[in-house]
Amino acid sequence: MDTKHYVVDRDKPDSKILSEAAANLRSGKLVAFPTETVYGLGANGFDEQAVKSIYQAKGRPSDNPLILHIAAVHEVEKLTQNISANARALMAAYWPGPLTIILERSKIIPNAVTGGLDTVAIRMPSSIVARELIRLAGIPVAAPSANVSGRPSPTNADDVLVDLSGKIAVVLDAGPCDIGVESTIVDCTTPVPTILRPGGITLEMLVETLGDVEVDPGLVSNNMVARAPGMKYRHYAPIAPMTLVESPYPENQSILLREILQALGDRKKVGAAVSRETAALLPADVQIAVLGSRLNPAEYAGNLYTMLRAFDDTDVETIFAEGISEEGLGLAVMNRLRKASGYRIIKK
Ligand code: AMP
Ligand code: MG
């Protein structure tokens, strides 16, 4: 298959191009599109066969359900039932935006979307290109991230093409994504809403809106089973093994330096995904990826996946990553770094 690559304006996308992409979706084809979080790989959420082809293109395990993307809040009504007051408060506060809400599913949703669960994940993205595409398609769009399973998610169209060129009909290219990590997933089928995956909407924001929020214990400990099926897989990972160093600052910096010097002493080719502050202290023979200021988690999030992917084009044999504070977007950044490291973590 020849994948069509269409560049569109992020604020005023060409409606002819979006209509063509929407027609592809309606007819069961796969279309990759930008959102404010990462690029998504979309299929018609009502078409079981189309949804199955997402799993095939990504090499995704079939027990890992997909998020249904909608273009207007009212569309949630026919896809779900028993929407709680908490869920409604979240929709009012954060839709459109980087928040996915888990609700009881209605019967019209094919099993391939939910992996056979009684619940479904729904999100209304704020990206204009994404929303316009979904609106023109006139169907909910099932979309995971547009990467091969296990690799870091794509935050630009070139990264989508590296993974999926020839396997999908269209990629819409609106440049880099604003946020750079996936949406926050909140389960609203439990009495107290529970964060299953940290993301663009922070824990602090959710507490502000709801008062009471739980964090899935599966996120905190590697020994617990995570409730979002996807969170149990090694994920977001570069090819070379990566070690995450996550002590409080400033010990963190000295541990990182110690580990890097030791690896260089062992004649390893070393990569470092670190803050700008730490990058300035590293020897010249280290392959450095600057993620951002250690005090700016949004900058870290924005660069994270491109930088992790870039290591795959180098000859580094081992990578060290610098952790940051878990405040705000830092919680999502640290969750992704822990998973990308396969929980190879040094704390002191
Ligand atoms: P991705 O689209 O690649 O960001 O992956 C979607 C994430 O949503 C995965 O971690 C899934 O396990 C999670 N997810 C989707 N549907 C549900 C659901 N009904 N209950 C819990 N988690 C879900
Ligand atoms: Mg994904």
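Predicted, not measured: the structure shown is a model, and the values here were computed from it.
Using a distance-only test at 3.5 Å, with no hydrogens or angles considered, a donor-acceptor pair links the side chain of T3 to the main chain of I168. When atom types are taken as modelled, the side chain of E214 and the backbone of I195 share no donor-acceptor pair closer than 3.5 angstrom. Distance alone, capped at 3.5 Å, is enough to place a donor-acceptor pair between the D312 side chain and the I239 backbone. Between the side chain of Y305 and the backbone N or O of R151 there is no donor-acceptor pair closer than 3.5 Å. Panel note: side chain Y55, backbone A112; a donor-acceptor pair is recorded below 3.5 Å. In terms of modelled atom types and a separation under 3.5 Å, the side chain of N252 and the main chain of G323 share a donor-acceptor contact.
Counting non-hydrogen atoms of other residues, nucleotides and ligands closer than 6.0 Å to CD of Q56 gives a total of 12 or fewer. Counting non-hydrogen atoms of neighbouring residues, nucleotides and ligands closer than 6.0 angstrom, the CD atom of E317 exceeds 12 such neighbours. A 6.0 Å sphere centred on CG of D266 holds more than 12 heavy atoms belonging to other residues, nucleotides or ligands. The environment of D285 atom CG is dense: over 12 non-hydrogen atoms of other residues, nucleotides or ligands sit within 6.0 angstrom. Within a 6.0 Å radius of CD in E204, other residues, nucleotides and ligands contribute more than 12 heavy atoms.
At a threshold of 4.5 Å between non-hydrogen side-chain atoms, the residues V290 and I288 count as touching. Taking 4.5 Å as the limit, every side-chain heavy atom of I255 sits out of range of all side-chain heavy atoms of K347. Between V170 and K29, the closest side-chain pair of non-hydrogen atoms is not below 4.5 Å. Looking only at side-chain heavy atoms (C-beta outward), D163 and R309 come within less than 4.5 Å of each other. Residues E322 and Y300 are in side-chain contact: their nearest non-hydrogen atoms beyond the backbone lie under 4.5 Å apart. Annotation: side chain of N335 is not in contact with side chain of V181 (no heavy-atom distance under 4.5 Å). T37 places none of its side-chain heavy atoms less than 4.5 Å from the side chain of P125. A 4.5 Å side-chain heavy-atom check between D173 and Y39 finds at least one atom pair inside the cut-off.
Under the 4.5 Å side-chain heavy-atom criterion for ILVMFWY residues, a single connected hydrophobic cluster contains both I345 and L291. There is no path of hydrophobic side-chain contacts, each under 4.5 Å, that joins I260 to L244. When hydrophobic clusters are built by joining Ile, Leu, Val, Met, Phe, Trp and Tyr residues whose side-chain heavy atoms come closer than 4.5 Å, directly or via intermediates, I67 is not grouped with V141. By the criterion of side-chain heavy atoms lying less than 4.5 angstrom apart, applied directly or through intervening Ile, Leu, Val, Met, Phe, Trp or Tyr residues, V38 is not grouped with V162; the two fall into different hydrophobic clusters. If you chain together hydrophobic residues whose side chains sit under 4.5 Å apart, L30 and M1 never meet in one group.
With 3.5 Å as the limit, one finds no donor-acceptor pair spanning the side chains of E104 and T189.
A salt bridge is absent between E246 and R294; no separation between the charged side-chain nitrogens and carboxylate oxygens falls under 4.0 Å. Using a cutoff of 4.0 Å between basic side-chain nitrogens and carboxylate oxygens, K268 and E259 are not scored as salt-bridged. Salt-bridge annotation for R131 and E75: absent, with no side-chain N of the basic residue lying under 4.0 Å from a carboxylate O of the acidic one.
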Exercise for the section: Would you check, one step at a time, whether the test side-chain contact (heavy atoms from CB on, under 4.5 Å) holds for F46 with L79? Expected result: CA-CA 10 Å; F46 285 149; L79 303 173; 3.9 Å; yes
Exercise for the section: Give the C-alpha distance, both sets of side-chain angles, the deciding distance and a yes or no for side-chain hydrogen bond (donor to acceptor under 3.5 Å, both in side chains) between S183 and T100. Expected result: CA-CA 6 Å; S183 60; T100 296; 2.8 Å; yes
Exercise for the section: Could you check S145 against K58 for side-chain contact (heavy atoms from CB on, under 4.5 Å), going step by step and ending with a plain yes or no? Expected result: CA-CA 9 Å; S145 47; K58 281 180 61 90; 3.5 Å; yes
Handout entry: V274/Q253 under side-chain contact (heavy atoms from CB on, under 4.5 Å): CA gap, chis, key distance, verdict
Key = CA-CA 9 Å; V274 293; Q253 212 170 43; over 6 Å; no
Exercise for the section: Any chance you could lay out the side-chain contact (heavy atoms from CB on, under 4.5 Å) test for T35 and R123, step after step, and finish with the verdict? Expected result: CA-CA 11 Å; T35 79; R123 173 162 114 84; 3.2 Å; yes
Exercise for the section: Given side-chain hydrogen bond (donor to acceptor under 3.5 Å, both in side chains), test Y94 with T209 step by step and report yes or no. Expected result: CA-CA 10 Å; Y94 303 115; T209 306; 2.6 Å; yes
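Here the closest heavy-atom approach between residue G45 and residue P110 is recorded as O-CD, 3.1 Å. Heavy-atom minimum distance, G271 versus F311: CA-CE2, 3.8 Å. Between L295 and E277, the shortest heavy-atom distance links the atoms N-OE2, 4.4 Å. Smallest separation of non-hydrogen atoms from S15 and L136: O-CD1, 4.5 Å. Contact record, P34 with L172: CD-O, 3.4 Å, taken as the closest heavy-atom pair. Nearest heavy-atom pair, D47 versus G28, reported as atom, atom and distance to 0.1 Å: OD2-CA, 3.7 Å.
Considering N147, V148, V171 as possible partners of P154, the one that fulfils the side chain to side chain contact (heavy atoms under 4.5 Å, CB included) test is N147.
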